[in-house]
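Note sheet for the following structure.
The structure presented is a predicted model; accordingly, all values stated were derived computationally and were not measured.
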Amino acid sequence: MKDTIKTIMLKAAAVAYEKGDLPSNQIPVMEVEEPRHASQGDFSTNFAMVSAGIQKMAPRKIAQNLVASIEPSELVEKIEIAGPGFINFFLTKEAWHPVVDRILELNTQYGSSDIGKKQKIQVEFVSANPTGPLHVGHGRGAAVGDAVGNILSFAGFDVQKEYYINDSGRQIRTLGTSVWLRLQQSLGKQIDFPEDCYKGDYIKDLAERALKEKGDGLLERDEPLAIEICAKFAAKIILGTIKEDLLQFGVDFDQWFSEQSLYDTKRVQKAIEDFKSKDLIYEQDGALWFRTEDFGDEKNRVVVRNNGLTTYFASDIAYHMEKYERGFDKVIDVWGADHHGYIKRIDASVVASGRKSEQFGVILVQLVNLIRGGVPVQMSTRAGEFVTLKDIVDEVGKDAARFMFLSRSYDSGLDFDLDLAKQKNSENPVYYVQYVHARITGILIKATKESLIFDIDFDKGKHLDLLQEKEEINLLKIMNSFRENVEKSATSLHPHVIFTYLMSLASAFHGYYNKHKVITANKEQTLARLSLVLSVKKVIRNGLTLLGVSAPERM
RNA sequence: GCGCCCGUAGCUCAGCUGGAUAGAGCAACGGACUUCUAAUCCGUAGGCCACAGGUUCGAAUCCUGUCGGGCGUACCA
């Protein structure tokens, strides 16, 4: 629709130039937008204002000359010049009717876009260490990463969702030690449990399982080996639990990538040697340092410590090099906001290995505050007291949890109100939107029963010219802007744009529903309105799907 | 100290790649079900967009500074 307006303007500019009404035929970059107020039309363009410089003419004068050269169209009811030089278009109601046909025809693809041009893009998210269950913060990251992936894919990108498993290094050894010591304790040995070990009860469960499944063979080993066995055993089980929890949360990855594999294939070593040969890595105080300062970091960073052990940064460098070698045009990492200090470092490594900075992006997800009974739920990861993602999903359900996580921009901290997420009324956004889908399904079922309209899943609108009510046109306008919102969400990497969109569409529908009956004695009007609500149902479903939330037929 | 995010209605937040009169939900108040699901709707009220400068024809939006809140600043992960 906006493109139509642009085309009209371009034609008008050409005509006006030929008539001599405009001194220049240069075309500026114009905006076509939907004004806030109905009195300013359906669409508005700043064409005249941004032309002022080129034409050396007052914006309002340019606007007048342009409007005089606009070809009459049956889509346009009237055109007004307003304010400093805006050209406002008021469209006829008929101009909006074809939206229904487009929705019914494109169905699940309505709203999709090709702005991604099939670019290969990877979204890596969650990537929690397999040393304990996922907590609420991971949940927000999971919801965001998954939704961003869906939205990019819908916008025409070739998306891969990946989980990076930190199955190597110190945390895994600590996990092994924790399990091993709990196991010893369970056998009656008096051991002081170290501060830096994992204290959650799940460690004790893992110790029992290890004892049962690995049995005496484990106890006969030397301690270091026993710890390693415990570590591998525990990590494998925890990772399995993580996969289950994510699946229950509706998140499925295309690939699970092991950090250990980077060592097994010598990729970490190769990366270090490669950078060394380019003098990007140097030795000092017995350690190897990467010159991240040369790429804008505050200080250089260690990749190999003076005890010979690599840091996580070393494997992260190798990992990101490997990602681009797999052919991704762009790589996006979703991290918790507490990792923001890491961005420069990784960015430096990406640029150092010959990629452009624009090919790497980080989505920083701010922290989640759980609220119950109006007060924050206290959590401490160290003490093993935290609310897990599974707890949340079990308590409020997958749909409510995901919708809540995606309701706000991830740039802001999120208060997750557990009581609110469980409410089954309009205060709970997920019900507000899902209810639209269920309500429409109810109407469609009634229509098949009472009006004997059996083949209700039209692929084309019926008697659309009978859609004349203000609320009907409003719905058409909102639905028309779905693709635009998908594109905005994709380019900004902000899934809450879809949330906001769905809320406004739902609000418009509920308003319409309360004012007008869909099924009336007038058969043609009924068919027209059924076409309309059927298309609303599809748009709601498409939007919810992007966010990973189900669209129920009944509630 | 330095870096990142945030500061918009009493509360929770949209709007931020500059546009005309700043929006929604909750809370408050007043209304609407013999009706396709009231898990809904309609109305009233509520604002120096933290503050101060700057850029611009035009700033909640961009720049600088100040104040306030969160997070980070390891040869940790």
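Within 3.5 Å, a donor on the side chain of A:Asn88 pairs with an acceptor on the base of B:A20, or the reverse.
For the pair A:Asn307 CG and B:A74 C1', the computed distance is 13 Å after rounding to whole Å. If you take CZ of A:Arg408 and P of B:C26, they are 12 Å apart, rounded to a whole angstrom. In this structure, the CZ atom of A:Phe499 is 11 Å from the C1' atom of B:U12, given to the nearest Å. A:Ile346 has its CD1 atom 18 Å from the P atom of B:G72, to the nearest Å. If you take NZ of A:Lys488 and P of B:U61, they are 17 Å apart, rounded to a whole angstrom. If you take NZ of A:Lys517 and C1' of B:A32, they are 15 Å apart, rounded to a whole angstrom. Separating the CG atom of A:Asn485 from the C1' atom of B:G15 is a distance of 12 Å, rounded to the nearest angstrom. Distance CG (A:Leu364) to C1' (B:G3): 12 Å, rounded to an integer number of Å.
Base pairing annotation: B:C2 forms a Watson-Crick or G-U wobble pair with B:G72, both donor-acceptor distances under 3.5 Å.
What you find for A:Ile519 and A:Ile443 is that their closest heavy atoms are CD1-O, 3.6 Å.
For A:Tyr342 and B:C4, the shortest distance from a side-chain N or O to OP1 or OP2 is not below 4.0 Å. A sub-4.0 Å separation between OP1 or OP2 of B:C36 and a side-chain N or O of A:Lys515 is absent. Under 4.0 angstrom from either OP1 or OP2 of B:U73 there lies no side-chain N or O belonging to A:His339. Taking side-chain N and O atoms only, A:Tyr410 has no distance below 4.0 Å to OP1 or OP2 of B:C4.
For the residue pair A:Tyr263 and A:Thr310, a side-chain donor N or O sits within less than 3.5 Å of a side-chain acceptor on the partner. Side-chain contact annotation: A:Gln525 with A:His463, donor-acceptor N/O pair under 3.5 Å absent. Residues A:Glu259 and A:Tyr319 bring no donor and acceptor atom of their side chains to less than 3.5 Å of each other.
You can call A:His37 stacked on the base of B:U21; the centres are under 5.5 Å apart and the planes sit within 30°. In this structure, A:Phe86 forms an aromatic stack with the base of B:A20, since both conditions hold: centre separation below 5.5 Å and plane angle below 30°.
Shown here, B:C33 is classed syn by the O4'-C1'-N9-C4 or O4'-C1'-N1-C2 angle, which is within 90° of 0.
Taking the C1' atom of each, B:U8 and B:G15 are spaced 9 Å apart, rounded to whole Å. The C1' atoms of B:G65 and B:C41 are separated by 48 Å, rounded to the nearest whole Å.
When heavy atoms are screened at a 4.0 angstrom cut-off, A:His494 is found touching no nucleic acid atom at all.
Taking the ring centre of A:Phe509 as origin, the terminal cationic atom of A:Arg439 falls outside the region bounded by 6.0 Å and 45° from the ring axis.
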